[in-house]
Chemist: 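Sharing a structure with you now.
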Amino acid sequence: MSGRRLNLGLATGGALVGVVVAAALVSFVWTPHDPTLVDAAGKLREPGGGYLLGADKFGRDTLSQLMVGARTTLYVGVVAVGIAAVVGTPLGVAAGMAPRSRGWLSELIMRVNDLVFAFPALLLAVMLGAVYGAGTLTAMIAIGVATVPAFARVARAATMQVMVTDYVLAARAAGRRGPAIALRHVLPNIGSVLIVQASVSFAIAILAEAALSFLGFGTRPPTPSWGRMLQESQELLFSTPRLALWPGLAIALAVLGFNLLGDGLRDHLDPKLRNARG
Amino acid sequence: MIVYLLKRLAVLLASVAAAGVAVFAFMAVLPGDPAEIALGVNATPEAVADLRARFGTDRPPVTQFLDWFGGLVHGDFGTSYVTSSPIGPQIADRFGVTVVLVLGGMVVALLVAVPAGTYAAVHHRDPVGAAISAVSQVGIAVPAFLAGILLVFVFAVKAQALPSGGYVPIADDPAEWLRSLLLPWLSLGLVQGAVLTRYVRSAVLDVMREDYLRTARAKGRGRMGALWRHGLRNASIPVVTVLGLQLATLLIGAVVVERVFVIPGLGDLLLNGVAGRDLLLVQGVVMVLVAAVLLINFVVDVCYAALDPRLRGAR
Amino acid sequence: MRRIGIWIALGGLLLGTAACGGGSGGRSGETAAKESLSVGFVAEPANLDFTSTEGAAIPQALLVNVYEGLVKLDQDGKIQPLLAEKWDVSPDRKTYTFTLHKNVTFSSGAPFTADDVVFSLGRVKTDWKLKIKSQLDVIDKVDKKDDTTAVVTLKRPSNGFLYALATRLGAMFSRTGVADLANKPVGTGPYQLGVWKRGDSIRLDANPRYWGAKPAAGAVTLKYFKDATAMNNALLTGGIDVISSVQAPESLQQFADPNRFTTIEGTTNGEVVLSMNNGRPPFDDKKVRQAVRYAIDHKALLDTAWAGRGKPIGSMVPPTDPWYEDRTGDYPYDPAKAKELLGGKTYTVKMRIPNLPYAVASAQVVKSQLAQVGITADIEPLEFPARWLDVVFKQGDYDMSIINHVEPRDMGIFADKSYYFRYDNPAFGKLLASADEGSEQQQTDDLKQAAKLLSDDAAADWLFLFPNLIVAKKGVTGLPQNAIAESFDFTGLAKQ
């Protein structure tokens, strides 16, 4: 594996993610047009003349929608991955640090984890949506909860590796307590693994949000969302395929970006793990 | 191995029971009284009370749960409040369709991933190998429903070669059955195939670095021959694990693909149940899906242990 | 390498069967098409009992096709005889004497007689669970004179009575056929229930015992699609013969080729209503409601949300009713006037809509237009039917909503102040009552006035009249131009 090619992956991933983040940030202060403004005269406007990518059947500017959609996507991803990391990491660390005498703790955590894993994001979102109504928040929570097991597993495996290192053994011999070891030695050492997991989970969260919006369980109209743009473009797929092309491309590139970033970071931060995912 | 198996089985059963409690508790929070919903907006209070008694929703939650879960154990999913028809047969019907959809998708994924991944690993220094890796990276980034929409556009609407959706039971017309499933299989399988390709590639790469393979090649076997003889079993361990996880993903991905292709599977039933506030139905479908995922994980664990005895103690 | 060979063989097998499947599939499709047609619909019934379950999907499938009434509505909204060969009305307009067709049997084989008329109309009061059953409260008694003569006596003269008999309320049930209405409908119609694949389709087979002219098609399959695009694709690829109601009007140009498809555009009874909760702030204030009506550009809304199909109406009367008047001039688009009525105040309201294509599309336009005058509408799509019915329709917990009211001659819902509009104007109720009792001319005059009153009060806003958009394969005949009855009549449907 040549390092040059991998850095290429990292750079490409970083650039794609950077574009998405930049679009989202810029959309807070500026978009070419109001992304939700309905304009009957501009219905299905062709690209050009201030409307770089044209307009949809409501006359809404596609580029502005994509930009604000990037915000929605990142918002869902950040909160969902945040929930997963905040809940999953301590659980995984606790399970990984449990001494043999308290193996049941580790076992219990991992079994509950497996149980949560059996409720995928889509199922949770549909159930939550039925109770509290569909919306961005419901989608974020569902995706977040469903991602907890991934973090717990990774954190546990990495913690177990750290626990047998000399410095942890020394700390224990010195009589340090669990929480201190966790904060001082474990977390800093599993950080890189968690960052990689966050990047991969982010990509999965984007796909999940798109699927949920497509089914009508995601972001509410008229807030732009790439998944819903795709869904709305379906009836015009034959006459105006560009309306499906742009959000589809945006989803694919964002997912690709986070995946490449995750892989690149893995190699960069922890060469031992190189090739763990091809 | 027997002890391991029994232990895993006990965990499986406990998990299914726990999932049952979780699903039931979750559904109990749902707003809306099934009796009121079934009777519509103008029912008299007496009629509602009557129906509640008939549904058994006036009993304490614990009794209701035991009744429901006890029924599940015997394969009785109860009778829908909304359609007043038994739920078990409906789920059984739909489950078959979804299983066929998922397994077919899996086969497509394997047909893509095993040759592509192996090739990419063996030729990982060539441009073709690198290209396969790159294409698989892009494939992962495409949502299954988007793939579905595109496939319908190309093969059904433009080429008029395959139906755009719908499902023909195999008993009615085997050929039509196959035609109705080809596009859904492809849209599920191609995307999963891309994911799998990467795992196959890295597994094969790992195996190729092992000493025994080098020895075998040193003894004069060809690269593919050595791999075939000695590497397959070892390479299959991580792939089987991922395959298990992928099956679970496919099961859920099928929910969306069923919507795109109008296939009456479990996902379609679930979404109908949610829209129609068919509480027992939703409960039943969710339970079946969750139990299926747990079962898949169980089988994966067991396969894992069978393929690599060293791992038995680890979990 | 041996095993790889097996994989290749398997792959070849798959492709091979696919190829031969292509051939045989086409053939079987053609032979089946001669005797049966399949029609795509949007909403599948939860069950088949329209006496206790709300919703338009059940009568759409079963009325006229499986169940017949004494009378039926024709394409122009006129009442025509069906099971009753004729009827006489007494001079005081309170006694209706129906002469029934002879030798009519139910699909179960039981004969249809005046006893069944007494039974069926009696059941409306005792067993039906729908709000609309009050439309037959005017019946005093139903008597059998002889096997083929039934006499209905009314409490007072009513113009709406005969019309109500043409709806599901007038459906004739067999005394021995009501045990399992949810799953086993028994009627006198040209079709009977064949196979119901829940979540997929309902097949209606020709009723061999039918008393009248046999329907042209041997079987009609109603196929249900939750997704508008999937339904379009099904017609494009020959999966169905007819789209009963186009849910994605922008996609119509796919069907523009006259050598392949026929498109029908007519009217319906469906008023797409932008409802405003008259019972709580801010829409308890007439000025705010009027501001909303001025703020909405109905032409722009129709063009963007529904591809310009349909028709602005301005009140709760469809053009096929005799008392229709174009009321779109009452509140012309005038955002300045709207702002003036609001007096510089801004409002934030909950717009709780069903998750149906027309509602989601219209809501986004309404939101954008209201934003121009200072009203922020937060859109919240609720699953239709269950959740929307519960939250908006039943609990009335909403500020604004959008729904297509498809029932025929349904202006009366505004007279019920407990209805989710929470509209309360006694003058309106009086107009409706006098319209029902008075002469035909008075009925027309009163109802015109009632529609104007609704519009003036801005009891709601009427976004547009839902179009009857049907697309069919070329050669399919017998499709209704206008969808103004509750049923989709399959009796004349045929394929050349």
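What you see below is based on every heavy atom in this structure, not just the backbone, and it leaves out hydrogens, waters and symmetry mates. Model, not experiment: these values are computed from the prediction.
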Chemist: Any heavy-atom pair between the side chains of B:Ser15 and A:Asp114 that's under 4.5 Å?
Modeler: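 Counting from C-beta outward, A:Asp114 and B:Ser15 never come under 4.5 Å.
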
Chemist: Out of A:Leu230, A:Leu237, A:Leu253, which one racks up the most heavy-atom pairs below 4.5 Å with chain B?
Modeler: A:Leu237

Chemist: So do the side chains of B:Arg198 and A:Asn259 get within less than 4.5 Å of each other, counting heavy atoms only?
Modeler: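 No - every pair of side-chain heavy atoms lies 4.5 Å or more apart.
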
Chemist: What part of A:Phe258 gets closer than 4.5 Å to chain B, counting heavy atoms only: side chain, backbone, both or neither?
Modeler: neither

Chemist: Distance check, rounded to the nearest 0.5 Å: A:Leu122 atom CG versus B:Leu271 atom CG?
Modeler: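 Spacing of CG (A:Leu122) from CG (B:Leu271) equals 7.5 Å.
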
Chemist: Please report the closest heavy-atom contact between B:Gln137 and A:Leu256, naming both atoms and the distance.
Modeler: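 So the two residues come closest at O-CD1, 3.5 Å.
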
Chemist: CD/A:Gln231 to CZ/B:Arg259 distance, rounded to the nearest 0.5 angstrom?
Modeler: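 Those atoms lie 9.5 Å apart.
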
Chemist: Which of residues 204-214 of chain A have a heavy atom under 4.5 Å from any heavy atom of chain B?
Modeler: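 Result: A:Leu207, A:Ala210, A:Ala211, A:Phe214.
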
Chemist: Return the CG to CG distance between A:Leu115 and B:Leu294, rounded to the nearest 0.5 Å.
Modeler: 6.0 Å

Chemist: Between B:Val11 and chain A, with a heavy-atom cut-off of 4.5 Å, which part of the residue counts as in contact: side chain, backbone, both or neither?
Modeler: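 When you check distances to chain A, only side chain atoms of B:Val11 fall under 4.5 Å.
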
Chemist: What is the minimum heavy-atom distance between A:Phe119 and B:Ala22, and which atoms define it?
Modeler: CZ-CB, 4.5 Å

Chemist: Assess whether atom CZ of B:Phe153 is packed by more than 12 heavy atoms of other residues, nucleotides or ligands within 6.0 Å.
Modeler: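 Enclosed.
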
Chemist: State, to 0.1 Å, how close A:Leu123 and B:Leu289 come at their nearest heavy-atom pair, and which atoms those are.
Modeler: CD1-CD1, 3.6 Å

Chemist: Identify which part of B:Leu150 has an atom lying under 4.5 Å from any heavy atom of chain A, answering side chain, backbone, both or neither.
Modeler: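 Interface part for B:Leu150: neither.
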
Chemist: Using a cut-off of 6.0 Å, state whether more than 12 heavy atoms not belonging to B:Phe155 lie near its atom CZ.
Modeler: no

Chemist: Flag the one option from A:Ala252, A:Ser106, A:Ala244 with the top tally of heavy-atom pairs under 4.5 Å to chain B.
Modeler: A:Ala252

Chemist: For B:Val285, is it the side chain, the backbone, both, or neither that has a heavy atom closer than 4.5 Å to a heavy atom of chain A?
Modeler: neither

Chemist: Let's test your reading of the structure: which of B:Val142, B:Val200, B:Ile149 forms the most heavy-atom pairs below 4.5 Å with chain A?
Modeler: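 Top option by heavy-atom pairs under 4.5 Å: B:Ile149.
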
